[in-house]
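Start at 1 and go down the list; that is how both ligands and their atoms are numbered.
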Amino acid sequence: MAGIVLVGAQWGDEGKGKITDLLADDMDYVVRFQGGNNAGHTIVHGGRTLKLHLIPSGIMYPHITPVIGNGVVIDPKVMLDEIDRLEADGISTHRLVVSSNAHLIMPYHRDLDGASEKRLGSNEIGTTRRGIGPAYMDKASRLGIRVQDLTDEHIFRKKIEAALIEKNELLEKIYDLPTYTVDEIVDEYMGYAERIRPMIADTSTLINVALRSDQWVFFEGAQGTLLDLDHGTYPFVTSSSPTAGGACTGAGVGPKAIDRVLGIAKAYITRVGSGPFPTELDSSPGSIGEHLTMKGGEFGTTTGRQRRCGWYDAVIIRYAVQINGLTDLVITKLDVLSELDTIKVCVAYEYEGRRYNDLPSHQTIFHHAKPIYEELPGWKCPIDHCRTFEELPKEARDYITFLEDLADVPVSIIAVGPDRSETIMRRWERRP
Ligand code: GDP
Ligand code: IMO
Ligand code: MG
């Protein structure tokens, strides 16, 4: 049995798409278990770049069964458009299966996401405005519409009728926005239903049967540990569980199905949207922050927003090791640091004269925490051609070893460029 979970160890965009694509060759299933099209996962292989939002990042391999699990929220139009784009590119999606229990993002979810952000003004979360939060709110309040509802127009209509009583009031009276009729939503979604029906499955049973017959299942997280609804920098988080536990609830497997948990972290750190960020760098012209932004191409895959950049934060990574039970770390974008004279790493925080080696549990302390840095020498040469750890310059090896010691888990894979091939497999054996 092999169940492998991959999660972002920071605030998202760590390179989950690249690493999933890299490892998926050895897998039988690649499963998305939470989030929705707030995710933007980039795959680069042989001069071709794919940007995926909902479809699992194993899609490049024809032998993989890609699965969208019950924990995902699905905007059907986005999913079908993504399928069409992939098919037009010659990538087959015919094996894709979608959980009957996954929830649907409805037009009013998108409207309410945008409207509530607008209402928050300067206190906005900086969501992707894709309707993610409102869709999970409806799921929790038991007003949600699920994929299986698409298979029965009568039930679907009844649920839309019930939902619109509340949603139209909200849209009209609170947000002064246009309302929806039952018919227009039913017509639109029944159009999608035609195409989605053949993909619908009991994905939990599918995955459990696969695991029992020794097939390999890869659970691809979206977002990152600090965006987790329970464990992240609340309220500046997403509305799902991007941490390892989320793989169990979001795919319908027990914890014993998981053999290995990979945490992905950039060799520095980024964040999109609002919220505290102790190691954030200034990004004015000529600054190191600007250098990381430009060299790392730090612009959002989903919204195009500039990502905030900062130094690697080992306190956050230790926290991610704890919350996810990480067995391995994967460090990406090491090449982005190649031109720096020195590189800082945050090893602890200081607040009101006290040192914090672990993530402070009170948000006020985290908001005002000052990073305590150690400074390491840079390597000042390109490393994107390196394919073994030994080929890396000594300073780069020392940097990785330093991060490994701070995290107390091995750095098993190192990425030195966006392409699938630009990777160092340090402690990773291919499937026999
Ligand atoms: P994800 O959301 O975690 O899948 O990450 P994104 O795809 O949103 O953002 C990561 C970006 O970094 C993408 O543009 C990747 O192509 C790129 N990338 C991934 N690994 C590396 C790397 O090692 N070096 C460089 N230079 N770029 C990388
Ligand atoms: P991937 O999978 C980075 C952030 C948003 C916002 C907060 C809530 O590509 O790593 P939401 O729309 O989810 O309600 O927004 O979460 N966010 C991400 N940041 N990468 C992502 O996904 C993100 N998905 C959501 O910017 O701060
Ligand atoms: Mg991304």
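- A donor and an acceptor atom, one from each side chain of Asp138 and His109, are located under 3.5 Å apart.
- A donor-acceptor pair is defined here as one N or O able to donate and one able to accept, closer than 3.5 Å; such a pair exists between the side chain of Asn70 and the backbone of Thr249.
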Ring pair (Phe, Tyr, Trp, His ring centres under 6.0 Å) between Tyr189 and Tyr192, worked out: CA-CA 5 Å; Tyr189 278 66; Tyr192 306 138; 5.2 Å; yes
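- For atom 4 (O) of ligand 1, the choice among Gly17, Ala267, Gly296, Gly297 with the nearest heavy atom turns out to be Gly17.
- For Thr93 and Glu87, the side-chain atoms include at least one donor-acceptor pair closer than 3.5 Å.
- Of all the listed residues (Gly417, Gly300, Gly40), Gly417 holds the heavy atom that lies closest to atom 22 (C) of ligand 1.
- For ligand 1, the polar-atom distance check against Ala415 finds a nitrogen or oxygen pair separated by under 3.5 Å.
- Contact record, Tyr61 with Ala24: CE1-CB, 3.6 Å, taken as the closest heavy-atom pair.
- For the residue pair Asn101/Ser99, the side-chain donor-acceptor check at 3.5 Å is not satisfied.
- Side-chain contact of Arg130 with Thr128: a donor-acceptor pair under 3.5 Å is absent, judged by distance alone.
- Between the side chains of Asp113 and Thr127, a donor-acceptor pair is found at a separation under 3.5 Å.
- Here the rule is side chain to side chain donor-acceptor pair (under 3.5 Å) with Arg431, and of Asp25, Asp28, Asp26 only Asp28 fits it.
- Using a distance-only test at 3.5 Å, with no hydrogens or angles considered, no donor-acceptor pair links the side chain of Asn324 to the main chain of Leu326.
- For atom 24 (N) of ligand 1, the nearest non-hydrogen atom of the protein is Asp335 OD1, 2.8 Å.
- Per-residue contacts place Gly15 under 4.0 angstrom from the following atoms of ligand 1 (heavy atoms of the residue considered): 1 (P), 3 (O), 4 (O), 5 (O).
- Using a 4.0 Å heavy-atom cutoff, Arg307 is listed among the residues neighbouring ligand 1.
- Around ligand 2 you find Trp11, Gly12, Asp13, Lys16, Asn38, Ala39, Gly40, His41, Ile125, Gly126, Thr127, Thr128, Ala222, Gln223, Leu227, Val237, Thr238, Val272, Gly273, Arg305, each with a heavy-atom distance below 4.0 Å.
- Looking only at protein heavy atoms, the nearest one to atom 10 (C) of ligand 1 is Asp13 O, 3.7 Å.
- The protein heavy atom nearest to atom 15 (C) of ligand 1 is Thr42 CB, 4.0 Å.
- Contacts of Ile43 with ligand 1, taken as heavy-atom pairs under 4.0 Å, are absent altogether.
- The protein non-hydrogen atom at the shortest distance from atom 16 (O) of ligand 1 is Pro418 CB, 3.6 Å.
- Not a single N or O atom of Lys295, backbone or side chain, sits closer than 3.5 Å to an N or O atom of ligand 1.
- Using cut-offs of 30° and 60° on the angle between ring planes, the pair Tyr356 and Tyr351 is tilted.
- Taking every non-hydrogen atom of His41 and a distance limit under 4.0 Å, the qualifying atoms of ligand 1 come out as 1 (P), 2 (O), 4 (O), 7 (O).
- Residue Lys266 does not touch ligand 1, judged by heavy-atom distances below 4.0 Å.
- Ion pair Lys77/Asp81 flagged as a salt bridge, since at least one NZ, NE, NH1 or NH2 atom sits closer than 4.0 Å to an Asp/Glu carboxylate oxygen.
- For atom 1 (P) of ligand 1, the closest heavy atom belonging to the protein is Lys16 N, 3.5 Å.
- Close N/O approach between Glu14 and ligand 1 is found [any backbone or side-chain N/O within under 3.5 Å].
- Side-chain atoms of Asn37 do not come within 3.5 Å of backbone N or O of Leu54 as any donor-acceptor pair.
- Nearest protein neighbour of atom 11 (C) of ligand 1, counting heavy atoms only, is Lys333 NZ, 3.5 Å.
- The closest donor-acceptor contact from the side chain of His53 to the backbone of Met79 lies at 3.5 Å or more, if one exists at all.
- Using a 3.5 Å distance cut-off with no hydrogens or angles, the side chains of Tyr180 and Glu188 do not pair a donor with an acceptor.
- In terms of the side chain to side chain donor-acceptor pair (under 3.5 Å) criterion, Asp230 has no residue partners (sequence neighbours excluded).
- Contact detail for Tyr234 and Gln363: the closest heavy-atom pair is O-OE1, 3.2 Å.
- Those atoms of ligand 1 that come under 4.0 Å of a heavy atom in Lys18, given as number and element, are 19 (C), 20 (N).
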Can you give me every donor-acceptor pair (side chain of residues 337-348, partner residue at least two apart or in another chain, under 3.5 Å) with its distance?
unit_1	atom_1	unit_2	atom_2	d
Ser338	OG	Asp335	O	3.0
Ser338	OG	Trp379	NE1	3.0
Ser338	OG	Cys381	O	3.4
Asp341	OD1	Lys380	NZ	2.7
Thr342	OG1	Glu375	OE2	2.6

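- Note on the Mg ion (ligand 3): protein N/O/S atoms under 2.8 Å are Asp13 OD1, Gly40 O.
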